[in-house]
Amino acid sequence: MADRTFSIARLPGFSTIAVAVFVMLYLPIVLLVMFSFNAGSSPAIWEGFSLQWYPRAWSNELVKDATLRSLIIASVAAVISTTVATMAALGTTRRARTKGQSFIYLLINQPLMVPEIVTAVALLIFFASIKVATGYQGLGYLIAAHSAFCIPFAYLPIRARLEGMDLTLETAAADLYATPWRTFRHVTLPILMPGMVAGLMLAFITSLDDVVISLFVKSAGQDTLPTYMLGQIRRNVTVEVNAISTLLLGLTVIMLSGFFVLTRKKD
Amino acid sequence: MKRLLSTVAVLLASTAIASAEGELQLFNWGDYTSPELLEKFQAETGIKVTVTDYDSNDTALAKVEAGGGGYDLVVPSANYVQIYVEKGLIQELDLSKLPNHANIAPEWLDVPWDPGRLYTIPWQWGSVGMGVNSDAYDGDINTSAIFLDPPAELVGKINVAPEMNDVLSLALMYVGGEACTEDTEVLKKARDALMAAKPKWQSMDYGMTTKLASNDVMASTYWNGAIFRARLQNDKIKYGYPKEGYPLWMDSVALLSDAKNVDEAHQFLNFIMEPENAGLISAFARYANGITGSDPFMPADMADAPEILIPEELQAAGHFLPTCSAKALEYYTAIWTELRK
Amino acid sequence: MPTAEDKASARNARTVWLLSAPALVLLILAASGPLLIVLVYSFLTPGEYGNVEWAFSTKAWVGILYSRDIFDGTWKLADAHLTIFWRSVKLSLYTTLFAFIAGFPTAWFIATRGPRARTALLFLITIPFWTNLLVRTFAINQIIRNEGVLNTLLLWLGVIDTPLAIIYTDFAVFLGMTYVYLPLMVLPLFASIDRFDMRLLEAGYDLYASRWQVLRRIVVPVVKPGIIAGSILVFIPSLGAYVTPRILGGGRNMMIGNFIDLQFGAGRNWPLGASLSMTLLLIVAVALVFYVRFANRESRHG
């Protein structure tokens with residue numbers, strides 16, 4: 001019976017289109033990675049295998065600077081947004097609805113709905129006046145901006161995990177005279193942990209990926225890896241960009257695998 | 001948790017500390033600063049120079065005006081220097097810290113837009129003209145008709161660099177007027193010519209050194225040094241001087257009023273007035289500079305390059321762009337916004 | 001007299017707000033709050049060389065649709081502005097449509113595999129989604145450039161004589177956006193199709209319906225929430241796209257995002273940039289309202 005269901009579900013042409021889509025999705029990326037190992041200096045004409053571009057990219061001071069900066073911002077922003085999102089998730093899930101709850105949802109999900117360019121422009125104006133008034137020009141602005149727009153990305157997996165949790169465990173702990181804080185630390189938190197780590201990773205990738213907001217908010221000498229790459233792509237396309245892209249891709253794949261492993265439903 | 005917080009605090013503090021010693025923020029055109037120069041400077045003085053790019057005078061001015069950018073030095077073109085001065089965005093230099101000031105070539109010392117060079121130090125100068133791939137078109141390229149009335153072979157393959165003053169000056173001179181004119185008849189003709197030609201263009205972007213060399217674009221209005229560098233990668237690229245009139249420009253380095261690293265800035269400005277270092281600057285971007293005695297340090301191919309040596313019969317057609325009056329600027333902006341859409 | 005229930009719900013409300021407070025503060029400071037500043041700026045006058053002068057003016061709002069001809073001073077429809085708006089909407093709609101045409105069979109395919117293949121395929125679909133936007137746009141750029149992979153291949157095969165000029169056209173931007181946003185269509189579609197009861201298909205076939213009829217009359221109505229979610233998820237980001245049109249459009253084929261950017265740079269008209277941003281936000285809000293209403297309507301029927 002199960003067999004028959006699957007064969008009935010096969011609609012004509014759908015499988016072909018699906019396979020074609022997968023191929024089309026991966027072809028540009030595969031070619032990009034392939035050419036990062038190009039012995040020649042053209043991103044389109046293959047001249048043999050070589051690893052030369054990777055050490056070259058790394059020895060570029062600007063690349064190193066930008067990469068370090070991106071990693072710092074992403075780490076800090078991911079931690080801040082996950083912490084803050086966990087608290088918000090705890091506050092808004094599995095509870096009776098209160099007044100203004102939809103306002104909270106709206107605000108938390110706002111970065112997902114507002115086009116990035118609008119947020120970027122808003123932050124440009126807002127931070128510019130603060131920069132002039134206080135004279136502070138450090139990474140704080142970038143970190144604040146990144147933390148903010150990473151919140152929904154951290155929030156959603158944590159909330160999903162929370163909603164799928166069994167309330168009886170916490171009730172049992174309460175029955176055993178545990179205080180709310182101890183219940184949280186010893187019962188809720190460990191079970192919630194995979195969701196939090198998943199949220200942390202999503203926030204990290206999102207921050208690492210950001211182009212538009214970083215472009216508008218950054219001050220002198222504060223290139224992040226994506227803004228550096230944008231400059232290179234617009235002006236100076238070399239295979240170095242391929243190499244950096246491949247490394248970024250590798251990082252994404254690793255993080256995503258971790259994410260998938262963590263959010264697999266326990267059988 | 002505490003350890004995490006203290007690590008973060010240290011990281012944030014270290015970014016602040018790093019900017020306090022031996023650092024300089026240079027805001028310059030993209031693809032215009034020699035890395036060799038910066039390395040040499042750092043080796044000699046210990047000061048680390050970080051360059052942030054901009055594509056056009058207007059973008060730079062907008063960013064500086066917005067404030068809070070954190071830059072120390074900016075490199076505007078001649079016709080923008082007065083604007084920076086009037087708005088109080090750049091400050092007078094402390095000439096006592098610039099012993100090499102005497103190295104500035106006499107013809108570049110008393111320029112109308114900065115007599116005596118009290119605000120700016122010469123960086124490089126050049127012209128704006130037509131870069132054309134001779135495989136695509138081998139006719140006369142010494143004319144603005146390349147982009148204003150393109151030959152059939154080039155339609156749809158032309159780039160026009162979105163630099164307002166350059167493009168409008170070329171167009172105005174093409175229809176018989178002058179740059180910064182307030183004559184509405186002439187302005188109208190220029191506007192009509194531009195709007196009529198726009199559908200025949202492919203793009204309005206920068207980065208033409210790479211794009212011409214890699215045949216992404218077949219022709220472009222662009223700066224001579226960048227075309228020179230394109231030719232070094234692809235020998236089919238040729239440079240033309242529009243006989244109807246073409247802009248000459250000079251970029252100079254200025255010190256921003258809210259600069260934090262004033263001492264380091266002066267050291268850098270003095271450094272680039274050494275003939276050897278001026279030669280380094282020219283060698284990278286392939287433009288001429290304004291420092292006496294730098295010729296021996298420039299690359300050999302610049303001595304007789306068509307992009308550097310203006311042919312005699314076309315020399316009179318080159319004009320340095322003046323700073324437009326507010327009224328002329330209004331017209332410029334209106335035409336430009338119409339064109340840019 | 002507050003009952004125990006009232007007190008409990010008051011305490012609950014306090015906890016909700018206390019726990020959400022840090023997130024809300026951060027969001028208001030660095031995401032939502034500044035939007036109000038944009039609104040304010042849209043009613044100011046542009047400074048001569050950028051930034052604003054604090055003088056009230058509605059020119060930025062009028063300027064979205066109308067512009068004054070500089071030479072004869074007449075007000076006329078700013079058809080260049082409208083071109084940009086229309087191009088953005090048109091390209092976004094095409095992108096959404098094409099993403100749907102390609103995405104629906106893909107989602108169906110994934111949903112109708114066995115559980116292990118399904119997880120593997122889902123993983124494969126999400127990798128491009130989470131890959132850096134720049135990397136993906138750059139990858140497409142490398143393929144469609146004049147000396148890119150596609151042209152090199154076609155030239156080598158002798159199919160064409162001169163490179164196809166795809167780059168820097170509206171089509172290039174469309175290709176890029178479809179490529180970038182396709183996974184966003186597949187995932188919600190998959191979620192919907194996953195919940196679809198395949199036995200309904202059987203029932204349809206038992207009643208002698210053709211495959212096409214089954215698709216139209218049984219599948220699509222049930223899967224509609226997923227279709228709408230996917231469409232919104234593709235339409236909204238593509239409308240506000242910035243990076244993709246900037247790299248693939250060559251500065252000539254501007255979309256709203258690039259046009260807004262221009263006002264804060266060489267365009268020197270911050271108030272106009274602000275009013276355009278607000279307009280974009282408005283269009284997005286309208287689209288979202290549509291989504292919510294449709295989704296609710298469907299769940300009531302379902």
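Keep in mind that what you see is a predicted model, and the values were worked out from it rather than measured. Within every chain, numbering begins at 1; the chains are lettered A, B, ... in the order of the sequence lines, protein sequences first and strands thereafter.
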Within 6.0 angstrom of A/Met24 CE, more than 12 heavy atoms from elsewhere: no
CD/A/Glu47: more than 12 non-hydrogen atoms of other groups inside 6.0 Å: yes
Part of A/Asp65 lying under 4.5 Å from any heavy atom of chain B: side chain
Step-by-step salt bridge (charged side-chain N to carboxylate O under 4.0 Å, His left out) determination, B/Asp258 to A/Lys131: CA-CA 12 Å; B/Asp258 59 358; A/Lys131 281 182 201 177; over 6 Å; no
Chain A contacts, top residue of B/Asp72, B/Asp53, B/Val51, B/Thr50 (heavy-atom pairs, under 4.5 Å): B/Asp53
For the student: nearest non-hydrogen atoms of A/Lys218 and B/Lys63, plus distance: O-NZ, 3.5 Å
Structural part of B/Phe27 lying under 4.5 Å from a heavy atom of chain A: neither
Approximate separation, where rounding is to 0.5 Å, of A/Glu61 CD and B/Glu39 CD: 8.5 Å
